[in-house]
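Fair warning: this is a prediction, and the values are worked out from it, not measured in the lab. Side chains included, hydrogens not; waters and symmetry mates left out as well; all remaining heavy atoms used. Here is the naming used below: chain letters follow the sequence lines, and residue numbers restart at 1 for every chain.
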Amino acid sequence: MKLSPEYYLNDDVVSLAKDLLGKVLYTNINGQISAGIIVETEAYFGIKDKASHAYGGRRTNRTETMYAPGGVAYVYLCYGMHNLFNVVSSVIDDPHAVLIRAIEPLVGKDIMEERRNMPSTKGAITSGPGSAAKALGIDRSFNSKNLNGNEIWIEDHQISYPEEAIAASPRVGIAYAQEHALLPCRFFVKGNKYVSKPNKV
DNA sequence: GTGACGATTATCT
DNA sequence: GATAATCGTCACC
């Protein structure tokens, strides 16, 4: 079953990032359905987050999507070649988002293999935000799409990981964010081979 | 109008 | 481990 629209209105984006682990992200592109279990996320907490595009309340054409009410996709092109997919959360004008960093292939593995040109048994097929998005066929045309539509959505398959199977760690590469750099805003499933970085805490 | 750069990844040594 | 690939955004001329 799909997550309800209210699910995304939670303004505790860190808890939301953790809760999204085990949820299943679907895409339907021209009838080609693929899906993966979310196994790694990262929280970006709005205007107070120095690592966020919306830090300090910055508002541009690109970041406008994050100011929308929760429940839409924020997709943006990084390094000119990678589409990064985020789940926008909280209410309107509160630009929280959760970056989906890795998924575990579940449905349409053959489709993902074709998109990524590698076997789904290889962990790298969906490890890392750029790879996961590409495997699901997500590109910038998905930006600001509603997550309750028929092209992209998230389902709850009642998958839950025990507390000890979930690791929280500081996000990668944001040492400049000072006090925020130490906050455990990155969550992943320990030992899952599709997680992008080494399974260390 | 123009230039510098990024929430990264594949590939090469 | 190092580095190239590659383009939309944003800040400033």
Side-chain angles (χ1 to χ4, degrees), chain A residues 8 13-14 16-18 20-21 25 36 38-68 70 72-90 94-105 112-145 147 152 167-188 192-200:
Chain A
Y8 303 103
V13 69
V14 175
L16 192 68
K18 185 177 175 183
L20 278 171
L21 293 178
L25 176 63
I38 298 170
V39 294
E40 183 178 357
T41 62
E42 237 174 55
Y44 284 83
F45 47 100
I47 64 174
K48 296 193 296 272
D49 187 349
K50 292 182 180 177
S52 169
H53 293 153
Y55 172 62
R58 195 162 66 142
R59 196 160 182 155
T60 65
N61 269 351
R62 180 176 64 162
T63 63
E64 191 64 28
T65 304
M66 286 201 284
Y67 288 85
V72 299
Y74 171 50
V75 182
Y76 103 97
L77 188 67
C78 184
Y79 292 99
M81 55 183 76
H82 303 296
N83 293 290
L84 271 55
F85 170 73
N86 298 249
V87 176
V88 174
S89 64
S90 192
D94 197 12
H96 291 328
V98 177
L99 171 70
I100 305 302
R101 287 191 62 90
I103 62 167
E104 179 179 330
M112 296 191 210
E113 289 178 349
E114 192 175 325
R115 287 178 184 139
R116 294 280 293 129
N117 196 28
M118 68 171 75
S120 62
T121 50
K122 201 169 163 131
I125 190 169
T126 51
S127 70
S131 302
K134 187 171 183 188
L136 289 169
I138 295 172
D139 61 26
R140 288 174 56 261
S141 69
F142 281 78
N143 189 41
S144 80
K145 276 196 193 304
L147 294 178
I152 182 167
S169 74
R171 289 169 297 179
V172 183
I174 60 157
Y176 59 88
Q178 297 172 13
E179 74 274 16
H180 297 158
L182 300 177
L183 297 176
C185 293
R186 169 173 176 255
F187 299 96
F188 60 91
N192 189 295
K193 73 175 178 179
Y194 297 101
V195 168
S196 65
K197 297 281 179 179
N199 293 317
K200 288 196 219 162

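Side chain of A:Thr63 to backbone of A:Ala54: no donor-acceptor contact under 3.5 angstrom is found.
With respect to A:Glu40, the salt bridge (charged side-chain N to carboxylate O under 4.0 Å, His left out) criterion is satisfied by exactly one of A:Arg101, A:Arg171, A:Lys18: A:Arg101.
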Sequence-aligned protein contact record of nucleotides 4-10 of chain C, with B where the base is within under 4.0 Å of a protein heavy atom and S where only the sugar-phosphate is:
-BBBSSS
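A:Phe85 comes within 4.0 angstrom of nothing in the nucleic acid, heavy atoms only. Contact annotation for A:Arg116: backbone-only contact, meaning every heavy-atom pair under 4.0 Å involves sugar-phosphate atoms and none involves a base.
Between A:Ala73 and A:Val88, the shortest heavy-atom distance links the atoms C-CG2, 4.4 Å. For the pair A:Val75 and A:Ile138, the tightest heavy-atom approach, listed with the atom from each and the gap, is CG2-CG2, 3.9 Å. In this structure, A:Val14 and A:Ala43 approach most closely via the heavy-atom pair CA-CB, 4.0 Å.
In this structure, NE2 of A:His53 is placed 12 Å from P of C:dA11, rounded to the nearest angstrom. The separation between A:Asn117 atom CG and B:dT9 atom P is 17 Å, rounded to whole Å. Between A:Met66 atom CE and B:dA7 atom C1' the separation is 10 Å, expressed in whole Å. Regarding A:Ile125, its CD1 atom lies at a distance of 15 Å from the C1' atom of B:dA10, rounded to whole Å.
Residues A:Tyr55 and A:Asp49 are not in side-chain contact: their nearest non-hydrogen atoms beyond the backbone lie 4.5 Å or more apart. Counting only heavy atoms from C-beta outward, the side chains of A:Phe188 and A:Ser196 never approach each other to under 4.5 Å. Side chains of A:Tyr44 and A:Met66 form no contact here, defined as non-hydrogen atoms less than 4.5 Å apart.
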Writing each nucleotide of DNA chain C 5' to 3' as (, ), [, ], | or . by Watson-Crick or G-U pairing under 3.5 Å yields |||||.||||||.
